[in-house]
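Below is one structure, written out as structure tokens; comments come after it.
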Amino acid sequence: MNDHPAPTGAAPRRRPLRHVLARRARALTEARWFALSVFVLIIVNAALLGAETYSGLARDWHHWLHLAEHLCLAAFTVEIAVRACAHADRPRDFFRDPWNLFDLAVVACAFLPLVRENTTVLRLLRLARVLRTARFLPQLRIVIVAVARSLPGTVSFLLVGTLLLYVYAMVGWVFFGEANPGQYGSLGRAALTLFLLMTLDGLGDAVHAGLEVSRWSILYYASYVLIASFVLVNVLIGVVISSLEEARELEREHSPAPDTPSVPVPMPMPVPAQAQAPVPAPNPEADLRTRIAVARRALDDLEAVLPPLLVTHPPEPPVLTPAPASAPDTAHP
């Protein structure tokens, strides 16, 4: 057993290089100017993408636009590399963030030969960079997350809406197919007509045309508008609003807490083992006596506060006095 103390002048243990790199890169990515620079770069990339839609401008400035595109791609590559270095000490955390995966996919696909040779795919990929602005705008990020979380409910809504359109399209084809073949001549035309009527556009003309066929057509259109335009649309709005609330809760959970200045708390001085007083063992009898004494003291205080009560003394026993002795009768009969 080694009893020799460690030398006090020993050099402190150096931290691993990846921890130092992660700390410096994290300080860079968390800086406000870094996020603002990336946001401006995304806006510039979107402006360049829009400038290429003008044939004259794209023909005259083709070289400069191409150079600006390469500069934007290089800047985005440096940005994603810095973000990856910020997670050098925890590499798995980088891939747990969906925005990091999205940024990595958008930047990495630009270097694929198949993508670079296809102009249409390359433009769509450059267009996807505009969506990266949601990373720096919390409200836009909440909306995008809400839309993504509402997809399961939207799919259910689409299934119910498709079933409703099919049933009403078949009924419309049966009743109005011969009288109005332009709108109800087939199942597809009837479904398209009813889909447009879901927005209440042209509902008056459709009702007037139906009344010329039968007066009962008003029930057909009224029930369809009530179910499709009011019930289903309100259900879809409810799904989106519920997903929006969930997205806000997720954003609130993942948002970092505001930095509060920490006040150093002084550490208590260690007390030597010899100076520590032994803890006495509990004594039930002494504890019971203490409680009785406290109860007696409380009763005495209560008696001093209350007004004196009328105390009735028991009657004193009567004093029996001896009867006076009668004089002796001296008379003789």
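Just so we're clear, the structure is a prediction, and the values are computed from it rather than from any experiment.
- Two residues are said to be in side-chain contact when any heavy atoms from C-beta on lie closer than 4.5 Å; Leu163 and Leu159 fail this criterion.
- Between the SG atom in Cys72 and the CG atom in Leu41 there is a gap of 5.0 Å [rounded to 0.5 Å].
- Under a hydrophobic-cluster definition in which Ile, Leu, Val, Met, Phe, Trp and Tyr are linked whenever side-chain heavy atoms come within less than 4.5 Å, directly or via other members, Ile142 and Val240 are assigned to different clusters.
- Linking Ile, Leu, Val, Met, Phe, Trp and Tyr whenever their side-chain heavy atoms come within less than 4.5 Å leaves Val233 and Val231 in two separate clusters.
- For residues 181-201, the set of pairs meeting the ring-ring contact (aromatic ring centres under 6.0 Å, His included) definition, not counting sequence neighbours, comprises Phe176-Tyr184.
- Residues Thr77 and Val107 meet the side-chain proximity criterion, which asks for heavy atoms closer than 4.5 Å.
- With a 6.0 Å radius and a threshold of 12 heavy atoms from other residues, nucleotides or ligands, Phe175 has its CZ atom at or below the threshold.
- The OG atom of Ser150 lies 11.5 Å from the CZ atom of Phe157; values are rounded to the nearest 0.5 Å.
- Val171 and Leu203 fall within the same hydrophobic cluster, defined by Ile, Leu, Val, Met, Phe, Trp and Tyr side-chain heavy atoms under 4.5 Å apart, directly or through other members.
- Between Leu164 and Val160, the closest side-chain pair of non-hydrogen atoms is not below 4.5 Å.
- Here CZ of Phe76 is found 5.0 Å from CG of Asn45. Values are rounded to the nearest 0.5 Å.
- If you take CG on Asp97 and CG on Asp103, they are separated by 8.5 Å, rounding to the nearest 0.5 Å.
- Side-chain contact, His66 with His62: no donor N or O sits under 3.5 Å from an acceptor N or O.
- Although no hydrogens or angles enter the test, the distance criterion places a donor-acceptor pair under 3.5 Å between the side chain of Thr199 and the main chain of Leu196.
- Looking at heavy atoms from C-beta onward, Phe95 lies in side-chain contact with Leu101 at the 4.5 angstrom threshold.
- Residues Val225 and Phe230 have side chains in contact (heavy-atom distance under 4.5 Å, counting atoms from C-beta outward).
- Contact of the Glu79 side chain with the Phe34 side chain is registered, since non-hydrogen atoms from C-beta on lie closer than 4.5 Å.
- The heavy-atom pair separating Pro181 from Arg189 by the smallest distance is O-NH1, 3.2 Å.
- Under a cut-off of 6.0 angstrom, the local environment of NE2 in His70 is crowded, with over 12 non-hydrogen atoms contributed by other residues, nucleotides or ligands.
- Separation of atoms CD1 (Ile237) and CG (Leu244) is listed at 13.0 Å; rounding is to 0.5 Å.
- With hydrogens and angles disregarded, a donor-acceptor distance shorter than 3.5 Å links the side chain of Thr29 to the backbone of Ala25.
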Go through the steps to decide whether Arg83 and Leu104 satisfy the test side-chain contact (heavy atoms from CB on, under 4.5 Å), and finish with yes or no.
CA-CA 10 Å; Arg83 293 189 182 277; Leu104 181 62; over 6 Å; no
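- A salt bridge links Arg26 with Asp89: the closest approach of a Lys/Arg side-chain nitrogen to an acidic carboxylate oxygen falls below 4.0 angstrom.
- Tyr224 places no side-chain N or O within 3.5 Å of a backbone atom of Tyr168 that could act as its donor or acceptor partner.
- Judged as a side chain to side chain donor-acceptor pair (under 3.5 Å), the pairs with a partner in residues 47-57 (not counting sequence neighbours) are, in order, Glu52-Arg126.
- Under the 4.5 Å side-chain contact rule for hydrophobic residues, Leu71 and Leu73 do not share a cluster.
- Contact record, Leu211 with Ser217: N-OG, 3.3 Å, taken as the closest heavy-atom pair.
- Annotation: the span from Leu65 atom CG to Leu57 atom CG amounts to 6.0 Å, rounded to 0.5 Å.
- Checked against salt bridge (charged side-chain N to carboxylate O under 4.0 Å, His left out), Arg24 has no partners two or more places apart in sequence or in another chain.
- In this structure, Leu49 and Glu69 have side chains that are not in contact, with every pair of non-hydrogen atoms separated by 4.5 Å or more.
- With a 6.0 Å radius and a threshold of 12 heavy atoms from other residues, nucleotides or ligands, Glu178 has its CD atom at or below the threshold.
- Each of Ile80 and Leu21 belongs to its own hydrophobic cluster when Ile, Leu, Val, Met, Phe, Trp and Tyr are linked at side-chain heavy-atom distances under 4.5 angstrom.
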